[in-house]
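Chain letters run A, B, ... following the sequence lines, proteins first, then strands; residues in each count from 1.
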Number of protein chains: 2
Amino acid sequence: MGRVSDAKERLMAAVSELFWTGSYDSTTVDQICQRAGVQKGSFYHFFACKATLAEAALNEEWATYRPRLDAIFSASVAPLERIRQHCEFSLKEQADLRERHGCVLGCPLCTLGTEVSTQEKGLQKKIQEIMAHGVQYLETAIRDAHAAGEIHAPDAKAKAKLIHAYHLGLLTQARIQDSLAILEDLPKTTFELLGADFPRRHKKK
Amino acid sequence: MGRVSDAKERLMAAVSELFWTGSYDSTTVDQICQRAGVQKGSFYHFFACKATLAEAALNEEWATYRPRLDAIFSASVAPLERIRQHCEFSLKEQADLRERHGCVLGCPLCTLGTEVSTQEKGLQKKIQEIMAHGVQYLETAIRDAHAAGEIHAPDAKAKAKLIHAYHLGLLTQARIQDSLAILEDLPKTTFELLGADFPRRHKKK
DNA sequence: AGTGAACTAGACTAATTGGTCAACTATTTT
DNA sequence: AAAATAGTTGACCAATTAGTCTAGTTCACT
């Protein structure tokens, strides 16, 4: 079967980082190759163009991100606790990224999606697809919390959409302001939106 | 004083549109010149580089956008009515843009800001500045509504931040999904966040 | 050991890029 | 009318770009 290689994986990792820390259009094929330690010929051996690589990288990212979300939103965890953990997870991730890259990066799907959605329809679709999963986790948790009488949210879908939009907005602002400060409100405000007390006590409203 | 020209204005108009319908990095100087009907030499006569032009264009855009916001958020209009009008205005603007350009464009500041903030610090600062004005309008209206007893919002700043983040999130999603559908919730949900009845009646909560 | 498939190397091309420049034109001021 | 100012033109340049291509290398499987 010929030689094996992890160049494909290295390219996907490189591109994810470069798109996130910079932008899609400002990232060149040469740059990607250099970061991945891969030659041009290998790049085009694996991928037809930058957009193809981007799509593969999105699939890869989602594949590693999904189990983390599955754990956070595990049905074995109390519904509101899932949401609280997700908020803390986002916060921590942004703080880590800032540590590592020197600036706040926000949501990678939003960043990429905002930039490419008018130009790269294939990528746009993939991003929409992954984002839709994100709301689904929230919706399920909210429905469970409502069923358990922990919050009053008869329209779980609407509430999930609201909270999701709010989260995206905050992350976008965090990137634009290059500041974690605005994210501090996230857990508390999310719980206010849910109509629940914050730190722990989940009583019927 | 030598000959006069509106090339500067044409360049600013061209660049605003190109950044919004496409992206900052994918828009080339040649493209900008072509769209503006201006030669390269003239471009560099007026602006040092793309970033400089972008900054000038942002100032220009804000200068024409500000009076519209001033009118919508006029103190002579009932506070909640200001917010309602602003929601309707956003909706209508997005619908118009879609009509004109064939796709949903979202918020120009977010689109540009998300893309350039890790790379063009000058632009980033300007975008932050203009965005801050946006929240201020909301905050004032909310404070007024609270003072008038129309809503219960003792922390107007926090409420404004929440609603602003929600709006940005929705607009971002509208662009990424290339759909106006998600924006339909905007007015109703905004009023829910305010704790007020929607269409008209403003009673003490 | 040998074959063929999978992968790598990197020089090459053609197009596009941002940016310069010097000659030119139009307008106002003196 | 002359001179100074403001704006225009488009050829030109060096650098960078995406993408190609051929000759190689490495490996799994016989």
Side-chain angles (χ1 to χ4, degrees), chain A residues 1-19 21-60 112 115-116 118-124, chain B residues 1-60 112 115-116 118-124 126:
Chain A
M1 270 271 207
R3 67 206 279 188
V4 286
S5 157
D6 62 343
K8 203 169 174 175
E9 284 68 34
R10 292 206 312 273
L11 283 167
M12 293 190 287
V15 96
S16 296
E17 200 185 308
L18 288 168
F19 287 169
T21 55
S23 79
Y24 178 84
D25 288 310
S26 72
T27 301
T28 68
V29 174
D30 284 328
Q31 238 176 298
I32 298 165
C33 289
Q34 193 170 9
R35 171 71 59 114
V38 158
Q39 295 294 37
K40 263 261 189 71
S42 294
F43 180 105
Y44 287 103
H45 174 72
F46 290 109
F47 302 104
C49 61
K50 193 165 70 168
T52 310
L53 166 57
E55 207 168 325
L58 280 174
N59 279 327
E60 180 67 18
L112 185 60
E115 182 178 356
V116 306
T118 60
Q119 310 182 74
E120 298 278 353
K121 294 300 176 183
L123 273 179
Q124 180 187 27
Chain B
M1 272 270 207
R3 68 205 278 188
V4 286
S5 157
D6 63 341
K8 203 170 174 174
E9 284 68 34
R10 293 208 309 275
L11 283 167
M12 292 191 289
V15 96
S16 296
E17 200 185 309
L18 288 168
F19 286 170
W20 205 1
T21 55
S23 78
Y24 179 84
D25 288 310
S26 73
T27 301
T28 68
V29 174
D30 284 328
Q31 238 176 299
I32 297 165
C33 290
Q34 193 169 9
R35 171 72 58 114
V38 158
Q39 297 293 40
K40 263 259 190 72
S42 293
F43 180 105
Y44 287 102
H45 174 72
F46 290 111
F47 302 103
C49 60
K50 194 166 69 168
T52 312
L53 166 57
E55 207 167 324
L58 279 175
N59 279 326
E60 179 68 17
L112 187 59
E115 181 177 356
V116 306
T118 59
Q119 309 182 73
E120 299 277 353
K121 293 300 173 181
L123 273 178
Q124 180 187 29
K126 173 106 288 170

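- Taking side-chain N and O atoms only, B:Gln39 has a distance below 4.0 Å to OP1 or OP2 of D:dG10.
- The CG atom of A:Leu11 sits 12 Å away from the C1' atom of C:dT8 (whole-angstrom rounding).
- At a threshold of 4.5 Å between non-hydrogen side-chain atoms, the residues B:Cys49 and B:Thr52 count as touching.
- Going from atom NE2 of B:His45 over to atom P of D:dA6 covers 8 Å, rounded to whole Å.
- Atoms NZ and CG, from A:Lys50 and A:Asp25 in turn, are 5.5 Å apart once rounded to the nearest 0.5 Å.
- Remark: B:Lys8 NZ to B:Asp6 CG distance equals 12.0 Å, nearest 0.5 Å.
- Within a 6.0 Å sphere centred on CD of B:Gln31, other residues, nucleotides and ligands contribute more than 12 heavy atoms.
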Each nucleotide in nucleotides 18-30 of chain C should get exactly one letter: B, S or -. Can you fill that in based on protein heavy atoms under 4.0 Å?
BBBB---BBBSS-
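- Taking 4.5 Å as the limit, every side-chain heavy atom of A:Val38 sits out of range of all side-chain heavy atoms of A:Phe46.
- Going from atom CD1 of A:Ile32 over to atom C1' of D:dG19 covers 13 Å, rounded to whole Å.
- The interatomic distance linking B:Arg10 (CZ) with D:dT8 (P) rounds to 7 Å, in whole Å.
- An OP1 or OP2 oxygen of C:dA6 is reached within less than 4.0 angstrom by no side-chain nitrogen or oxygen of A:Ser5.
- Within 6.0 Å of atom CD in A:Glu9, more than 12 heavy atoms from other residues, nucleotides or ligands are found, so the atom counts as buried in its surroundings.
- One atom, CD of A:Gln34, and another, P of C:dG10, lie 13 Å apart when rounded to the nearest Å.
- Atoms CZ (A:Phe46) and P (C:dA9) sit 11 Å apart, rounded to a whole Å.
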